[in-house]
Amino acid sequence: MSKDEVADALDEIGTLLELKGENAFRTNAYHNAARVVQQLPGDLKQLVADGKLGAVRGIGEALSLKITTLVTTGKLPYLEDLRATIPAGMVELLRLPGLGPKKVKALHDLLGIDSIEKLKAACESGEVAKQKGFGAKTQDKILEGIRFRDQVGHRVRIDYALPLGTALLEQIREFPGVIRSELCGSLRRRKETVADLDILVSSADAQPIMDRFVKLPEVLQVLGQGPTKSSVLAALHVHGTKVTMQADLRVVEDDQFPFALHYFTGSKEHNIRMRQRAIDRGLTLNEYALANGSRSVPCKTEEDIFAALGLPYIEPELREDTGEIEAGEVKKLPALVADRDIRGVFHNHTTYSDGMASLEEMALACKKLGWEYFGVADHSQSLTIARGLPPGAVRKQWAEIDRLNAQLSGVRIIKGSEVDILEDGSLDYSDELLAGFDYVVASVHSLFNMPEADMTARVCKALSHPAVTMLGHATGRLLLKREGYKINLDEVIKTAATFGKMIEINAQPSRLDLDWKYVKQARAMGVPIVINPDAHSPWELGLYTFGVQVARRGWLTKDDVFNTRGLEDVMKELVRRKSVK
Ligand code: DGT
Ligand code: CA
Ligand code: CA
Ligand code: ZN
């Protein structure tokens with residue numbers, strides 16, 4: 001067992017004990033030990049083998065024994081017994097916002113609630129609000145959480161799904177007898193969330209591949225195993241979070257591979273259009289073949305299938321039936337922007353506000369990525385929880401930037417700010433201070449509950465300000481967690497077009513906002529898009545790739561994206577914009 005897995009088990013024990021009402025001293029000991037194990041230097045197995053675990057601060061004798069059992073056997077009977085005593089539904093309740101172990105235990109003790117269904121009913125009848133420690137506000141929040149959960153189902157963010165899918169695929173590729181293999185479905189289309197993994201393999205002999213697949217170390221449970229299709233539950237630790245997903249593996253003959261690849265990539269809507277297109281030409285298309293009566297039309301690749309139906313190759317990101325077939329017919333498909341086109345970024349944070357790294361560290365990390373510029377946009381003064389910069393700190397930062405730019409070679413720091421859009425649409429710095437920045441990202445960080453018309457007016461007013469260069473994270477959404485604030489994006493995009501402002505794609509995988517559907521609309525209206533990682537550390541700069549994926553789903557070419565331009569060009573444009581009043 002790895003450190004992460006041991007830490008998970010210890011955290012789980014702590015939580016289960018909390019649900020049983022154990023005292024905080026005992027439950028905290030498990031949670032603390034989980035943190036300690038995660039941060040232990042060196043090899044955990046070795047530490048156990050050397051008997052040195054007991055000497056680690058925060059791990060007493062009892063804990064040391066349990067960890068030893070976990071590491072050496074991969075199991076812990078104590079945890080399994082504990083799990084058996086607690087209804088699984090209670091554990092599920094913990095995933096709802098605002099419900100910790102104490103509240104879940106109280107709901108169980110007071111109202112006998114041990115499932116989401118029972119909790120929903122109790123909220124709807126008003127029972128929960130009557131209980132001590134709950135109240136109407138809590139009850140509403142719980143209900144909202146349950147409804148949101150029903151809506152999003154069990155989807156997983158792409159930054160979690162992709163590493164799990166890739167880990168499985170890389171191992172499958174090494175199985176003997178595998179000819180071609182690919183990840184299909186929404187993951188290949190780079191959708192921002194993914195429900196399950198669809199893996200496709202071609203081989204002359206499916207059985208041995210299935211046998212190996214269900215025995216991969218990531219596989220937790222086999223849901224079904226057949227001669228050409230198997231489904232499993234697989235899990236992987238991705239930066240400290242355990243990601244569990246269903247993965248389906250299909251094995252086909254190699255001459256069927258392109259058809260199956262196209263079919264299982266989807267989307268369903270795109271497939272339906274393609275099938276109809278085949279019918280219109282007197283052909284049939286399914287996941288195994290393209291055929292003319294009983295005669296099959298041979299295709300070696302997806303390109304061949306598209307060509308046989310009178311179309312150029314359509315990139316997976318475009319296959320949503322939002323006009324890609326029509327555009328293909330008239331040869332108007334965009335040449336999509338790619339990772340290598342990006343030459344710098346504009347929305348990032350440093351230790352001046354809530355970032356983890358210095359200006360210099362961030363700039364050097366950009367250089368390492370092959371970029372020409374690092375745009376720093378720390379928070380503005382009102383955002384005190386993120387240590388927003390008062391004017392004095394801004395001037396200090398400018399001085400440091402000037403100093404660094406004189407020293408650094410191969411990368412330039414550009415002076416920006418992520419300025420809060422205040423309640424009335426005004427900006428969080430004086431016009432005089434704003435004029436000193438090379439560019440301004442304007443963002444909403446407060447009062448998310450405004451009525452739609454007010455929020456739209458607020459953001460549009462900010463966009464009309466001459467100092468504003470671009471709009472940050474357009475709706476404030478957190479994927480699978482929180483809906484964005486209510487705002488009329490049609491109006492916002494129109495306003496951006498009117499005032500010549502840019503809109504950001506925030507590449508944080510929890511946001512990916514502006515949503516790709518609106519990205520497409522912004523492009524149609526000539527609004528330049530900027531792909532920003534909103535990085536708070538050098539590592540997060542790498543998240544830009546998820547923003548590029550959204551840009552591709554939104555049909556963007558290199559020319560539609562501002563930060564594909566080189567440093568000189570970018571500075572010239574920023575200066576030009578500042579002179580427009
Ligand atoms: P997901 O898993 O919800 O994130 O999205 P997908 O697109 O991966 O959907 P999934 O896993 O249900 O199916 C994979 C692909 O298989 C889907 O994109 C298109 C194809 N497919 C599935 N069901 C149908 C269907 O009823 N008709 C057609 N034409 N294609 C289908
Ligand atoms: Ca899928
Ligand atoms: Ca599937
Ligand atoms: Zn922000």
Side-chain angles (χ1 to χ4, degrees), residues 148-169 172 181-202 210 213-214 218-226 228-236 238 243-252 256-280 283-291 302 305-306 309 311 314-322 324-325 479-480 509-510 512 515-517 546 549-550 552-553:
F148 192 64
R149 178 186 166 277
D150 288 348
Q151 262 175 40
V152 300
H154 298 280
R155 303 188 69 84
V156 173
R157 264 167 35 189
I158 186 164
D159 58 320
Y160 292 124
L162 195 55
L164 175 55
T166 306
L168 296 175
L169 185 68
I172 291 168
S181 57
E182 205 58 72
L183 296 168
C184 306
S186 50
L187 191 58
R188 184 162 179 240
R189 304 197 311 281
R190 297 294 190 258
K191 240 181 118 164
E192 50 285 57
T193 64
V194 172
D196 66 2
L197 303 170
D198 304 283
I199 307 169
L200 180 68
V201 161
S202 70
M210 289 302 174
F213 173 62
V214 299
E218 286 79 7
V219 171
L220 296 180
Q221 195 186 334
V222 181
L223 303 170
Q225 189 181 352
T228 60
K229 182 189 167 186
S230 295
S231 293
V232 301
L233 216 53
L236 181 73
V238 183
V243 183
T244 308
M245 294 185 80
Q246 182 177 327
D248 299 338
L249 173 69
R250 292 180 182 81
V251 183
V252 298
Q256 299 172 330
F257 186 82
F259 305 104
L261 177 62
H262 177 264
Y263 180 89
F264 290 113
T265 297
S267 67
K268 190 174 159 185
E269 291 74 18
H270 169 90
N271 287 355
I272 291 170
R273 288 290 307 277
M274 289 289 284
R275 182 175 298 177
Q276 187 57 46
R277 203 174 163 83
I279 292 170
D280 294 344
L283 306 170
T284 54
L285 175 66
N286 60 27
E287 59 265 54
Y288 307 111
L290 179 67
E302 278 187 323
I305 303 174
F306 285 115
L309 297 176
L311 292 169
I314 299 175
E315 304 268 9
E317 290 94 329
L318 301 182
R319 299 183 199 169
E320 298 290 344
D321 188 26
T322 55
E324 71 277 14
I325 292 176
L479 287 168
L480 309 179
S510 58
L512 298 181
D515 188 275
W516 65 270
K517 289 181 186 133
F546 294 105
Q549 291 168 6
V550 172
R552 291 169 64 86
R553 286 176 63 77

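Order of listing sets the numbers, starting from 1, for every ligand and every atom in it.
- The number of protein N, O or S atoms lying under 3.0 Å from the Ca ion (ligand 2) is 3.
- With hydrogens and angles ignored, the 3.5 Å screen pairs a side-chain donor or acceptor of Arg277 with a backbone N or O of Leu309.
- Between Arg553 and Glu320 a salt bridge is recorded (basic side-chain N to carboxylate O distance below 4.0 Å).
- Remark: Phe259 engages no residue in a ring-ring contact (aromatic ring centres under 6.0 Å, His included) (not counting sequence neighbours).
- Here the closest non-hydrogen pair linking Asp196 and Val194 is O-CG1, 3.4 Å.
- A donor-acceptor contact shorter than 3.5 Å links the side chain of Arg319 to the backbone of Ile314.
- Protein residues are said to neighbour a ligand when one of their heavy atoms lies under 4.0 Å from it; for ligand 1 these are Arg155, Gly185, Ser186, Arg189, Val194, Ala195, Asp196, Asp198, Tyr263, Phe264, Thr265, Gly266, Ser267, Lys268, Asn271.
- Take Asp159 and apply the side chain to side chain donor-acceptor pair (under 3.5 Å) test, not counting sequence neighbours, and it matches Arg157.
- Of the possible polar contacts, none joining the Arg190 side chain to the Gln549 backbone as a donor-acceptor pair under 3.5 Å is found.
- Between Glu302 and Arg188 there is a salt bridge, with a side-chain nitrogen of the basic residue lying less than 4.0 Å from a carboxylate oxygen of the acidic one.
- Using a cut-off of 4.0 Å between Lys/Arg side-chain N and Asp/Glu carboxylate O, Arg552 and Glu315 are scored as salt-bridged.
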